Enquirer: 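There's a structure below that I have some questions on.
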Amino acid sequence: MIQDKGYLLNLLSVFEEATFGIAFIDPEGNWKKGNSNFLHFTGCSEEDFSGFTWDDVFEKNESNTGFSSLITAASSRFSPVVLKVLRKDGRRVWLNVFLLRLENKHLACIAEDISREMIFKELDQLERNVLEKNALPYYRLEEVLDEFIRGLEQIFPETVCSIMKVSDGKVYCWSAKGLPEDYLREIEGASIGPKAGSCGTAAFFKTAVIVEDISTDYRWEPYKSTIISHGYKACWSTPILSASGKVLATFAIYYKKVKSPESQELNFINRSGKILAIILENYLSIQSLKQSNQRFQYVTEATSEAIWDADLRKGTVVWSQGYQTLFGHPYQQEEMDGSSWSDYIHPDDYAGVTGSIERIIDSRKKTWTQAYRFRKADGSYLRVEDKGLVVRDPEGKPLRMVGAMRDISTQYAYNSSLKELNRSLEASKKHLEATNAELEQYAFIASHHLQEPLRMVIGFMDKLYKSYGSELDDKASRYVLFALNGAIQMRQQILDLQEYGAIGKNETNAQFRWLETSQLVTDALRVNSEFIQQTSAIIEFGNLPRIWGDKRTLIQVFEHLILNGIKYQPPSQKARIVISSQKKDGETVIYVQDNGLGIDKAYHEKIFLLFQRLHGKDAFPGTGIGLSLCKKIIEHHGGTIWLESEVGKGSTFYFTIPEKVD
Ligand code: ADP
């Protein structure tokens with residue numbers, strides 16, 4: 001027995017001052033005495049402690065099935081055991097406990113607080129579990145988040161955690177099993193902002209918001225009554241940001257006491273935020289992958305093309321449904337041997353197709369296009385156009401080729417028939433050109449050859465009339481005059497025809513110039529001034545544009561239109577001609593208007609044909625070529641000519657000359 005009082009006092013101070021928790025317990029498991037550290041670790045007061053048993057302090061679990069089983073199991077020596085304590089203040093403490101038998105059958109319990117290490121160990125385990133689950137395709141995001149929150153709440157029993165999704169500036173509950181339902185309903189869809197509770201504010205400012213006392217914090221003003229009514233007093237929230245800095249969610253911890261975080265807790269919030277960012281980023285990338293896969297699926301179903309994805313290293317290919325639809329070959333979703341493509345290329349096209357692919361792969365080029373024949377399941381060949389894209393690694397090494405084959409048989413047949421048509425058109429054109437040249441030659445020769453005998457006929461008839469007119473009786477004189485007029489008319493017709501044939505003969509616009517239309521009119525009037533004066537016709541012109549064209553032929557147009565206007569008048573009526581321009585359908589239209597006889601609508605097109613005349617030669621002399629010539633000239637300029645007229649109300653001839661194209 002130790003008798004020395006001093007020694008005992010020393011022992012007592014060692015007991016009190018020890019960094020370990022030390023407590024004594026009797027053989028039945030009743031606590032006898034504990035040093036202040038032991039009381040602090042277990043969160044008990046001295047009074048509680050005296051009435052408590054072992055099982056009141058340590059949580060039962062697999063490694064602690066109760067005091068009696070612990071005593072029975074240990075033979076002579078106890079091994080250290082990790083035990084959990086849930087303190088009155090809600091904190092969980094892990095103790096490394098070592099038991100020592102004393103002489104009076106009592107036991108000494110020596111405990112070391114290992115909570116810090118254990119919290120991190122458990123957190124580590126929890127994080128590993130949720131990340132593993134997150135990587136597996138069959139877990140929903142909500143399940144993973146729930147598991148994470150549940151695990152955290154078990155490690156930190158005094159907390160309730162929540163994860164809120166942030167979308168379009170609003171918060172929605174993702175996981176918050178421990179929070180009261182009426183509060184969750186209240187904040188569902190709430191807008192983020194500078195005064196939107198801890199989460200809404202954290203999302204708004206993209207920074208952690210630590211509210212130690214909800215009741216006095218201005219940021220909680222709109223929501224505090226409900227959450228306070230459930231006893232919550234503090235809420236710390238941190239935003240979860242994507243790699244690009246977008247707020248995906250908020251992670252919050254609620255306490256039922258006013259509380260500011262210790263550095264270890266800030267660490268933990270930070271760490272949880274990072275894990276959640278990984279989980280959410282992963283989820284979002286899977287979502288977008290799913291979406292693009294689905295999009296691809298829809299596209300492959302919607303299009304009639306056979307889409308293919310070839311792995312150049314493995315020599316395999318994956319086809320879309322179109323492979324079967326287009327060619328009738330059996331379709332499978334999995335990879336197929338690359339020969340499922342090359343075997344069906346037409347033997348005559350094989351070398352060209354495979355060679356062109358090899359060249360593209362060897363080069364740095366990205367795209368490949370080839371048209372060839374591809375065998376169908378029934379043995380026939382389909383003309384296809386195949387387009388591919390080479391996917392390379394950063395060093396430029398080819399990895400994959402993705403592309404689509406399209407049936408171009410109809411287009412091919414159409415193109416072939418078009419080529420055939422073009423060939424026959426070309427042949428007809430050549431034939432026509434030859435015939436035209438022949439005709440022109442013929443017309444030229446005929447008109448030249450006719451001029452000579454005509455000149456003779458006119459000359460001799462004239463002589464006959466002048467020399468022997470007095471000897472001929474009236475009837476014979478009239479006959480001679482008829483013959484003379486006929487020959488003169490014929491000469492005019494031949495001259496007009498020659499003019500007509502000359503228009504556009506050497507298809508060239510080289511003599512085109514900018515022309516003042518008023519000048520063209522003036523020139524036309526000057527040439528015919530004698531006739532105009534004789535008839536006392538009134539000619540008015542103005543508001544005429546500058547046009548791009550051939551001076552000589554355009555003067556001819558004005559001459560014909562003006563002279564016709566003067567010529568085709570009722571007897572004793574003075575002609576009144578107006579030449580001007582107006583806008584019609586956005587185009588400048590030049591017109592020549594007269595107050596003459598007018599033309600029945602039935603002849604509005606006919607009069608532009610060669611030799612078409614509506615009036616007799618005796619009443620109104622003419623060759624029937626003037627308007628055809630005008631039409632040819634205007635069309636040679638790329639314009640159109642038409643008229644508006646009514647019998648007895650005069651006529652207006654319109655024509656357009658297109659703008660100059662540079
Ligand atoms: P030509 O005047 O030499 O007969 P055109 O080709 O100039 O030949 O005219 C064809 C026909 O159109 C004329 O014969 C005439 O009957 C009719 N015509 C042409 N211009 C007018 C007009 N301004 N008013 C009435 N009839 C016209």
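Quick caveat, the model's predicted, so the values are computed rather than measured. When a ligand or atom number is given, it counts from 1 through the structure's own listing order.
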Enquirer: I need the atoms of ligand 1 closer than 4.0 Å to a non-hydrogen atom of Ile607, numbered in the order shown.
Expert: 12 (O)
Enquirer: At a 4.0 Å threshold, what atoms of ligand 1 neighbour a non-hydrogen atom of Gly622?
Expert: 3 (O)
Enquirer: Does Arg359 pair with Asp362 as a salt bridge, N-O distance under 4.0 Å?
Expert: no
Enquirer: Indicate the ring-plane relationship of Phe374 and Tyr372, choosing parallel, tilted or perpendicular according to the 30° and 60° boundaries.
Expert: perpendicular
Enquirer: Considering only heavy atoms, which of Gln612, Lys606, Gln493 lies nearest to atom 11 (C) of ligand 1?
Expert: Gln612
Enquirer: Within the structure, does Gly598 bring an N/O atom to less than 3.5 angstrom of an N/O atom in ligand 1?
Expert: no
Enquirer: Determine whether Ile547 and Leu520 satisfy the following criterion, side-chain contact (heavy atoms from CB on, under 4.5 Å), listing intermediate values before the conclusion.
Expert: CA-CA 10 Å; Ile547 53 174; Leu520 301 177; 4.1 Å; yes
Enquirer: Looking only at distances, please establish whether an N/O atom of ligand 1 is found under 3.5 Å from an N/O atom of Phe653.
Expert: no
Enquirer: I would like to know whether Gln451 and Leu495 meet side-chain contact (heavy atoms from CB on, under 4.5 Å); could you show each step before the answer?
Expert: CA-CA 9 Å; Gln451 288 288 2; Leu495 287 174; 3.7 Å; yes
Enquirer: Tell me: protein heavy atom nearest atom 21 (C) of ligand 1, and distance?
Expert: Tyr568 CD1, 3.4 Å
Enquirer: For atom 6 (O) of ligand 1, grab the closest protein heavy atom and report residue, atom and distance to one decimal in Å.
Expert: Leu627 N, 2.8 Å
Enquirer: Side chain, backbone, both or neither: which part of Asp594 comes within less than 4.0 Å of ligand 1 when only heavy atoms are counted?
Expert: side chain
Enquirer: Gly596: heavy atom below 4.0 Å from ligand 1, yes or no?
Expert: no
Enquirer: Quick one: do the Glu385 and Gln411 side chains pair a donor with an acceptor below 3.5 Å?
Expert: no
Enquirer: Which of the listed options, Ile625, Asn564, Leu643, Ile562, holds the heavy atom that is closest to atom 19 (C) of ligand 1?
Expert: Asn564
Enquirer: Tell me whether Arg576 is salt-bridged to Glu540, with the criterion being a basic N under 4.0 Å from an acidic carboxylate O.
Expert: yes
Enquirer: Quick one: nearest non-hydrogen protein atom to atom 4 (O) of ligand 1, plus distance?
Expert: Arg613 NE, 2.4 Å
Enquirer: Within a distance under 4.0 Å of any heavy atom of Leu614, pick out the atoms of ligand 1 and give their elements.
Expert: 14 (O), 16 (O)
Enquirer: Flag His615 as yes when one of its N or O atoms lies below 3.5 Å from any N or O atom of ligand 1, and as no otherwise.
Expert: yes
Enquirer: Salt bridge or not between Glu335 and Arg400? Use side-chain N to carboxylate O under 4.0 Å.
Expert: no
Enquirer: Under the 6.0 Å and 45° cation-pi test, does Arg375 pair with Tyr344?
Expert: no
Enquirer: Is the shortest side-chain N to carboxylate O distance from Glu644 to Lys584 below 4.0 Å?
Expert: yes
Enquirer: Assess Leu597 for proximity to ligand 1: is some non-hydrogen atom of it under 4.0 Å away?
Expert: no
Enquirer: Which residue holds the protein heavy atom closest to atom 8 (O) of ligand 1, what is that atom called, and what is the gap in Å?
Expert: Gly624 CA, 3.3 Å
Enquirer: Checking Lys632 against Tyr500: charged group under 6.0 Å from the ring centre and within 45 degrees of the axis?
Expert: yes
